[in-house]
Amino acid sequence: MLDRRNFLKASASLSALSFMPTFGMTKSIEASKVSLGIVKNGEIVTAAHWGILKLTIKDGKVIKSEPWEKITKMDNPLQHYTSDLIYKSRIKYPYVRKSYLENPDDPKRELRGKDEFVRVSYKEALNLIAKELKKTREQKGISSVFGGSYGWKSSGNMQNSRTLLHRFLNVTGGFVGASGDYSTGASQIIMPYVVGSIEVYEQQTSWENILKYSKYVVIWGADPLTTLRIAWTSNDQRGLAYFEKLRESKIKVICIDPIRTDTAKFLNAKWISPRPNTDVALMMGMASHLISKNKVNYMFLENYTTGFNQFKDYLEGKNDGIKKDVKWASKICGVNEKTIKELAETFYDNPTMIMSGWGMQRAHHGEQPHWMLVTLCSILGQIGTKGGGFGLSYHYSNGGVPTCKGGVIGGINAGEIGIWKNGKFKSLAKSKEDLNSAEWLQNTASLSFPVARIADALLNPGKTIDHNGAKITYPDIDFIYWVGGNPLVHHQDTNTNVKAWKKPRTIVVNEIYWTPTAKMADIVMPVTSSYERDDITMSGDYSNMHIVPMKQAVLPVEESKDDYEIFSDLCRIYGKDVFNAYTQNGKKAKDLIKDYYNIALKQVKNYGEAFNTPMPSFEEFWAKNEPIVFEPTNESLEYVRFSEFIEDPILNALGTPSGLIEIYSKTIENYNYDDCKAHPTWFEPIEWLGNATKKMPFHLITSHPSKRLHSQLCHTDLRKKYTIQEREPLLMNFKDAKKFGIKNGDVVRVFNQRGEILAGVLVSKDIMQGVVRICEGGWYDPDENGLCKYGSANVLTLDLPTSKLANGNISHTGLVGIEKFNKSLPEITAFSIPKIV
Ligand SMILES: Nc1nc2c(c(=O)[nH]1)N[C@H]1C(S)=C(S)[C@@H](COP(=O)(O)OP(=O)(O)OC[C@H]3O[C@@H](n4cnc5c(=O)[nH]c(N)nc54)[C@H](O)[C@@H]3O)O[C@H]1N2
Ligand SMILES: Nc1nc2c(c(=O)[nH]1)N[C@H]1C(S)=C(S)[C@@H](COP(=O)(O)OP(=O)(O)OC[C@H]3O[C@@H](n4cnc5c(=O)[nH]c(N)nc54)[C@H](O)[C@@H]3O)O[C@H]1N2
Ligand SMILES: [Mo]
């Protein structure tokens with residue numbers, strides 16, 4: 001995953017305005033109570049992805065968990081389950097899988113997930129990891145060690161488990177990593193060809209502009225009311241506050257989504273429901289209509305884009321004989337012709353901001369929708385204006401919330417790749433510049449392959465694939481070290497994935513909870529939750545609004561340890577030099593937290609006396625137990641994405657080969673891929689309603705859950721608020737339910753050629769016919785025949801790449817069959833601990 005923290009640096013110069021919507025700000029917490037050590041009784045401030053939290057502690061236990069400040073009227077349910085996150089489903093000690101402990105050289109891999117675990121001492125576990133890692137590197141080389149370890153871990157710049165793992169694997173000799181992410185696998189690869197930047201993690205046109213200048217806001221395949229409950233660093237909550245303002249405004253909202261989302265309902269939006277994965281056709285129909293009505297901004301196309309004519313030829317069917325007109329589009333996407341025309345004209349006639357989520361690019365040929373969206377927006381010609389254009393990050397980490405001027409804290413980095421031999425460190429960096437380049441450091445893995453190809457890589461060592469204009473040959477992975485992620489839940493086609501996980505000789509997992517991934521490991525290290533250790537974070541991702549002390553709330557549960565401590569202790573086994581390189585000569589977590597704070601402090605000091613948010617010393621900040629709040633600048637309040645390019649496309653050329661928006665890409669043309677052409681193209685997805693069968697009549701959408709962060713919090717009592725007969729809910733249209741003789745509250749078996757799960761049915765008018773939704777992140781809970789008793793959506797999804805260009809995952813593509821489950825319900829075991837001897 002790209003380190004999203006780094007996408008935004010505190011910007012700009014002008015003095016700040018106070019804009020924050022205040023809504024009964026919580027009183028400041030008494031500093032004296034918390035200045036020393038951890039509190040047995042009192043309140044402390046910490047942060048999670050789901051916001052800055054205030055925890056109440058009684059007799060050394062967390063008894064209450066609330067938002068530190070109340071910014072919106074909406075409740076964020078994720079914020080109230082901290083206590084469960086400390087005490088439920090915990091891994092309390094180090095464990096080794098029985099057969100692995102008996103013989104690590106022939107560890108009976110097929111028993112992973114079934115074998116018993118044996119409790120071992122912390123020291124024994126460390127020694128085993130170090131020994132087997134050394135053995136693997138010696139016998140099979142660096143490229144057999146996989147540390148890609150994708151995942152959402154916890155907030156905090158210090159206990160950043162994935163980076164800590166990379167740092168450990170680097171100082172001990174290197175590893176194979178993973179490139180890209182699951183979120184925007186397709187978009188972040190295609191967008192640089194189209195607009196010269198990845199777009200998906202860039203600051204958006206300021207919400208202040210939208211509220212002033214937009215007449216229409218289109219939410220295209222996004223559910224911001226759900227997805228803005230969390231952020232990569234910690235949630236500043238301002239994104240939701242702006243959606244509240246949008247509701248109060250006169251701006252008209254249109255949601256284009258197979259589901260009438262919570263957002264659509266909240267905003268009283270007009271709901272347009274295309275068939276899943278057909279947005280490209282819908283947009284092409286709109287484009288054709290605009291051309292036929294001469295509602296085209298030719299001035300924009302001429303000055304700011306290249307390749308429109310070639311694309312127009314394609315629309316007109318010059319080569320394939322197929323006219324991509326409104327009629328054609330309507331047939332594919334299921335939206336009626338009149339609506340397609342109306343939408344197109346409305347967008348053209350009014351300042352319209354199109355906010356797109358990422359669901360539609362997590363689909364077969366997921367490169368196309370956002371490329372086509374930019375093409376459509378080029379025809380409309382509103383890109384770079386105050387109330388129009390497109391944005392690919394309004395639904396994520398509070399995009400569009402103005403960036404504050406303040407300090408930006410530092411964080412742990414992955415260190416230097418090198419090899420230690422006879423007490424000497426040999427760096428693999430090619431130059432000093434390498435070491436100073438954030439990009440190089442982020443990309444420290446000496447080898448990597450696209451993250452969502454993990455199962456394919458495990459199963460097919462030596463296979464060469466196309467990727468983004470290059471060839472990649474999969475390494476032969478024999479050792480996996482995973483921290484901060486839940487791949488047995490997050491990866492597509494679980495049954496294939498389970499096979500892949502039986503391939504390497506060794507799998508080590510550092511985890512807080514007995515997740516499905518921990519249960520599939522050979523060596524399991526117990527990790528503290530972020531409430532059991534000190535850390536520090538910013539909030540907002542784009543806003544950089546707060547610096548938050550994340551103070552330890554309670555003592556570590558049993559023998560759990562910080563990832564930093566585990567890796568430092570592992571380094572000790574490799575020798576003093578490695579330990580010193582890892583810990584910067586013995587620094588403790590708290591020393592590093594202070595270092596990171598001081599980086600921000602130095603920036604703020606450089607602004608001089610006049611700066612209106614001075615920062616105290618670290619000691620004062622820590623004792624005060626309160627976030628520092630920075631304010632946005634005038635410049636960021638008025639920010640318009642692409643405005644500089646629009647002002648002067650020559651001086652401020654985009655990072656594409658032509659410097660312009662590329663509707664036609666010669667670079668991609670040269671790759672000569674059959675599944676990603678030189679201009680936006682309609683490709684039929686491998687499975688969609690266009691090829692549904694009697695047995696497999698439903699398109700399955702696996703949205704992000706509103707009451708979890710992926711699989712996080714699934715094991716808490718929050719689950720009880722959404723499960724149906726203890727299973728993951730499946731949203732189904734009421735007409736479909738009637739047709740299939742299924743009632744609200746029934747348990748059904750959902751199946752296809754890849755696998756089967758149980759789910760509880762929620763009958764609804766808010767999903768189009770022929771489509772069902774099971775949110776991703778439900779814990780995988782197989783019975784002896786592989787039926788997932790709880791309802792993990794990925795048992796049913798396809799593990800195929802979007803195309804040879806991006807190799808993104810396609811988790812929103814796939815057909816399923818559904819039938820009422822009439823047998824007696826099996827007991828859920830996903831959240832209990834495995835067999836231990
Ligand atoms: N079908 C389908 N599948 C999807 C998606 C989809 O839309 N549909 N979306 C995809 C996307 S976009 C993403 S980002 C992925 C998310 O996939 P993941 O990021 O793997 O999901 P999480 O549940 O957040 O897993 C984080 C894990 O880290 C652990 N953890 C937390 N803090 C720490 C720590 O300090 N140390 C250690 N060692 N562990 C820690 C948590 O307990 C948890 O098990 O899922 C992808 N999968
Ligand atoms: N509460 C909560 N918030 C989260 C997360 C979470 O797990 N929980 N995860 C975070 C992460 S890591 C990410 S990457 C983002 C994900 O953000 P997104 O990728 O935007 O989220 P999704 O739920 O995958 O999809 C958004 C919407 O797209 C719709 N959709 C699916 N397929 C299609 C299609 O073909 N066409 C159209 N028009 N719509 C379609 C879905 O119905 C859904 O309403 O969310 C982040 N925010
Ligand atoms: Mo994601």
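Indexing begins at 1, ligand by ligand and atom by atom, following the structure's order. The shown structure was predicted, so the numbers you read here are calculated from the model rather than taken from an experiment.
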Subject >> Within 6.0 angstrom of K88 NZ, more than 12 heavy atoms from elsewhere >> reply: yes

Show every donor-acceptor pair shorter than 3.5 Å between a side-chain atom in residues 764-775 and any protein atom, with sequence neighbours excluded, or say none if there are none.
from, atom 1, to, atom 2, distance (Å)
S764, OG, D766, N, 2.7
D766, OD1, R260, NE, 2.9
D766, OD2, K265, NZ, 2.9

Subject >> Contact check, Y150 vs ligand 1, heavy-atom distance below 4.0 Å >> reply: yes

**OP:** Could you tell me which atoms of ligand 2, counted from 1 in the order shown, lie closer than 4.0 angstrom to a heavy atom of T261?
**Re:** 44 (O)

**OP:** Measure from NZ or CZ of K92 to the centre of the six-membered ring of W514, then state whether that distance is under 6.0 Å and the direction lies within 45° of the axis.
**Re:** no

**OP:** Would you please determine whether P258 falls within less than 4.0 Å of ligand 2 on a heavy-atom basis?
**Re:** yes

**OP:** Using a strict cut-off of 4.0 Å, indicate which atoms of ligand 2 neighbour a heavy atom of P276.
**Re:** 35 (O)

Original post:
Which atoms of ligand 2 sit under 4.0 Å from any heavy atom of N277?
Top reply: 34 (C), 35 (O)

**OP:** Report yes or no: does G484 have a heavy atom closer than 4.0 Å to ligand 1?
**Re:** yes

Original post:
Touching ligand 2 at all, R773? Heavy atoms, strictly under 4.0 Å?
Top reply: no

**OP:** Classify the angle between the aromatic ring planes of Y790 and F831 as parallel (below 30°), tilted (30 to 60°) or perpendicular (above 60°).
**Re:** perpendicular

Original post:
For Q492, is the nearest heavy atom under 4.0 Å from an atom of ligand 1?
Top reply: yes

Subject >> Atoms in ligand 2 with a heavy atom of W220 nearer than 4.0 Å >> reply: 38 (N)

Original post:
Just checking, any donor-acceptor pair under 3.5 angstrom between side chains of S393 and Y542?
Top reply: yes

Original post:
Side chains of D562 and T528: donor-acceptor distance under 3.5 Å anywhere?
Top reply: yes

